[in-house]
Amino acid sequence: EIQLEESGGGLVQAGGSLRLSCAASGFTFDEYAVGWFRQAPGKAREGVSCISTPDGTIYYSDAVKGRFTISEDNAENTVYLQMNNLKPEDTAVYYCATPVTVVGSTILGPYGDLGSWGQGTQVTVSS
């Protein structure tokens with residue numbers, strides 16, 4: 001069974017930084033890509049970044065490119081999202097998910113019978 005658990009959210013002023021963690025179990029990063037999504041109040045969930053060891057690729061949405069960095073620690077089976085220069089519009093609940101894929105400019109997933117979401121972590125950026 002795949003399980004994902006996010007942590008690291010909080011309240012930060014605009015321009016500040018946070019690092020989110022996604023602790024994973026039930027699979028290895030060699031098998032599936034892992035993505036970060038977010039959902040702001042009243043808005044649809046959107047993909048912001050994903051990392052794929054099978055493909056050797058990393059993807060960022062235009063909204064976060066240059067400010068967010070995704071990485072993974074195989075020893076800890078954890079995916080991180082380093083978020084710098086945060087803006088009020090980054091305020092959302094952030095989720096990790098797997099397996100995911102990128103089609104065009106959109107992160108899709110999770111897909112398949114093993115598709116899983118974490119419970120989410122709140123990020124609030126004050127102006």
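Values in this document were obtained by computation on a predicted structure and should not be read as measured data. Sequential numbering from 1 along the given sequence is applied to the chain's residues.
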Do [X] and [Y] sit in the same hydrophobic cluster, where Ile, Leu, Val, Met, Phe, Trp and Tyr count as joined when their side-chain heavy atoms come under 4.5 Å apart?
X	Y	answer
Val34	Val100	no
Val79	Val64	yes
Val93	Val125	no
Ile2	Trp117	no
Ile58	Leu81	yes

To the nearest 0.5 Å, what is the distance between [atom1] ([X]) and [atom2] ([Y])?
X	Y	atom1	atom2	value
Gln82	Arg67	CD	CZ	12.0 Å
Cys96	Leu20	SG	CG	9.0 Å
Cys22	Ile51	SG	CD1	11.5 Å
Met83	Trp36	CE	CH2	8.0 Å
Arg38	Gln122	CZ	CD	12.0 Å
Asn84	Leu18	CG	CG	9.5 Å

- If only atom types and distance count, is the side chain of Tyr95 paired as donor or acceptor with the main-chain N or O of Gly35 below 3.5 Å? no

- Query: Between Tyr94 and Phe68, how do the two ring planes meet: parallel, tilted or perpendicular, split at 30° and 60°?
  - Reply: tilted

- Task: Give the ring-plane orientation class for Tyr32 versus Phe27, where under 30° counts as parallel, over 60° as perpendicular and anything between as tilted.
- Result: tilted

Is [Y] close to [X] at the side-chain level, that is, under 4.5 Å between some pair of heavy atoms?
X	Y	answer
Ser116	Pro110	no
Val102	Leu108	no
Ile107	Tyr59	yes
Gln3	Glu1	yes

- Knowing that exactly one of Thr78, Asn77, Thr53 qualifies, which makes a side chain to side chain donor-acceptor pair (under 3.5 Å) with Glu72?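 Considering Thr78, Asn77, Thr53, a side chain to side chain donor-acceptor pair (under 3.5 Å) with Glu72 is found only for Thr53.
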
Can you name the nearest heavy-atom pair linking [X] to [Y], along with the distance?
X	Y	result
Ala14	Pro88	CB-CD, 4.1 Å
Asp73	Phe29	O-CE1, 3.8 Å
Gln119	Leu4	OE1-O, 3.9 Å
Ala97	Phe37	CB-CE1, 3.9 Å
Ser52	Ala33	CB-CB, 3.6 Å

- Message: I'd like to know if Asp62 pairs up with Lys65 as an ion pair, taking the criterion as any Lys NZ or Arg NE/NH1/NH2 lying under 4.0 Å from an Asp or Glu carboxylate oxygen.
- Response: yes

